[in-house]
There are 2 protein chains.
Amino acid sequence: MNDIRTHTDQILHTKAVRITPMRQLLLDYILTQNQAVGLNELEAEFPKADRITIYRTLKTFEEKGILHSIEQGHSEVQYALCHEECGPEHHVDRHPHFACERCGRIICLEEVFIPRVAIPQGFIQHDVEMTIKGVCGECG
Amino acid sequence: MNDIRTHTDQILHTKAVRITPMRQLLLDYILTQNQAVGLNELEAEFPKADRITIYRTLKTFEEKGILHSIEQGHSEVQYALCHEECGPEHHVDRHPHFACERCGRIICLEEVFIPRVAIPQGFIQHDVEMTIKGVCGECG
DNA sequence: GTAACTGCAAAATATTTGCATCCTT
DNA sequence: AAGGATGCAAATATTTTGCAGTTAC
């Protein structure tokens, strides 16, 4: 327990994000999940917390390189933990995401490398997003 | 001009979608674009058309395999033309999309093949979505 | 002390459904 | 004729901004 808290503060400190109770609370929770989380889930998990503050905390975490966002489909944006090297204006989360059609979970496939594809002449690539849709191991 | 109209009707007929003026209008327009379109663009292009009808037309086109949807980012869903083989419950639009950070256009990279990546044991893959973000040839 | 964070309010944007009427097949 | 499409209305969901009070550093 204390380890998690310590880890949380460490992350916040490393990424130059002010340590506040709200941020500790949210990051603690996200660290225990091994799937991406969305705003609605966090709001349900912490009913006392203000929805807008959670929203802005996620945005801050994304901007500072603690979380990365995943666009899953016609629903809500999901957030998952970043690599350690991520920082402001610098994300290296180039792994695919798996979106389960049954349970709706978004799972980071961190061990899977996204192959670089050829883009047309004159185009500049900054980032890639890859989402695989199907049925996860627990639902299959 | 007549060629486009004929082509439009051909597509509608082939994909078993009833031919109506609204659908001809929208599909005609989409056929002339070589980038993905969104609901707002279509509404602006056809001010007399009902927004909800456009919305449902896009949904129908997607369901019947005429258009496929692209989730670009924290904005609106975009739609682009399908391959000919696409039909209800059967999409084969497995090409990457390029999202330009300057002009916001979504361009289908139809000639680029999405490499198949390894997914964990027990997972079943149904579909892939890949979006490359950067600067397009015209903006670079 | 200062800049940043929080909570409350409110708005802007996007997505979706109901229903009566009209149109395509 | 019958089932599907359209337009009007309205609801739901999602994302975003403003501002005053509070807090971390």
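Residue numbers begin at 1 in each chain, while the letters A, B, ... track the order of the sequences.
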If you count the non-hydrogen atoms of other residues, nucleotides and ligands that lie under 6.0 Å from CD in Glu138(A), is the total more than 12?
no

Please say whether more than 12 non-hydrogen atoms of neighbouring residues, nucleotides or ligands are located less than 6.0 Å from CD in Gln121(B).
no

Does the protein touch nucleotides 20-25 of chain D at the base, only the backbone, or not at all? Give it as B, S and - per nucleotide, heavy atoms under 4.0 Å.
----BS

The correct set of residues in residues 47-55 of chain B placing a heavy atom under 4.0 Å from DNA chain D is Asp50(B), Ile52(B), Thr53(B)

Measure the distance from [atom1] on [X] to [atom2] on [N] and round it to the nearest whole Å.
X: Glu43(B); N: dG7(D); atom1: CD; atom2: C1'; answer: 13 Å
X: Gln78(B); N: dA14(C); atom1: CD; atom2: P; answer: 10 Å
X: Leu12(A); N: dA4(C); atom1: CG; atom2: P; answer: 17 Å
X: Arg23(B); N: dC23(C); atom1: CZ; atom2: P; answer: 15 Å
X: Ile70(B); N: dA14(C); atom1: CD1; atom2: P; answer: 16 Å
X: Asp9(B); N: dT25(C); atom1: CG; atom2: C1'; answer: 14 Å
X: Glu76(B); N: dT15(D); atom1: CD; atom2: C1'; answer: 14 Å
X: Phe46(A); N: dT6(C); atom1: CZ; atom2: P; answer: 14 Å

Do Val128(A) and Phe113(A) sit in one hydrophobic cluster, given that two such residues count as connected whenever their side-chain heavy atoms are within less than 4.5 Å of each other, even indirectly?
no

Joint cluster assignment, Leu109(B) & Ile106(B), ILVMFWY side-chain distance < 4.5 Å:
no

Aromatic rings Tyr29(A) and Phe46(A): how do their planes relate, parallel, tilted or perpendicular, breaks at 30° and 60°?
perpendicular

Between Glu129(A) and Lys133(B), is the closest basic N to carboxylate O distance under 4.0 Å?
yes

Among His83(B), His91(B), His97(B), find the one that has a ring-ring contact (aromatic ring centres under 6.0 Å, His included) with His68(B).
His97(B)

Would you say the ring centroid of Phe98(A) lies under 6.0 angstrom from that of Phe123(B)?
yes

Considering only heavy side-chain atoms of Val77(A), the closest of dT6(D), dT15(D), dT6(C) is dT15(D)

Within less than 4.0 Å of OP1 or OP2 of dA14(C), is there a side-chain N or O belonging to Asn40(B)?
yes

pair Ile11(B)-Leu31(B): side-chain heavy atoms closer than 4.5 Å:
yes

If you find the nucleotide of DNA chain C closest to Arg56(B) and the one closest to Met22(A), which residue's nucleotide is nearer the 5' end?
Met22(A)

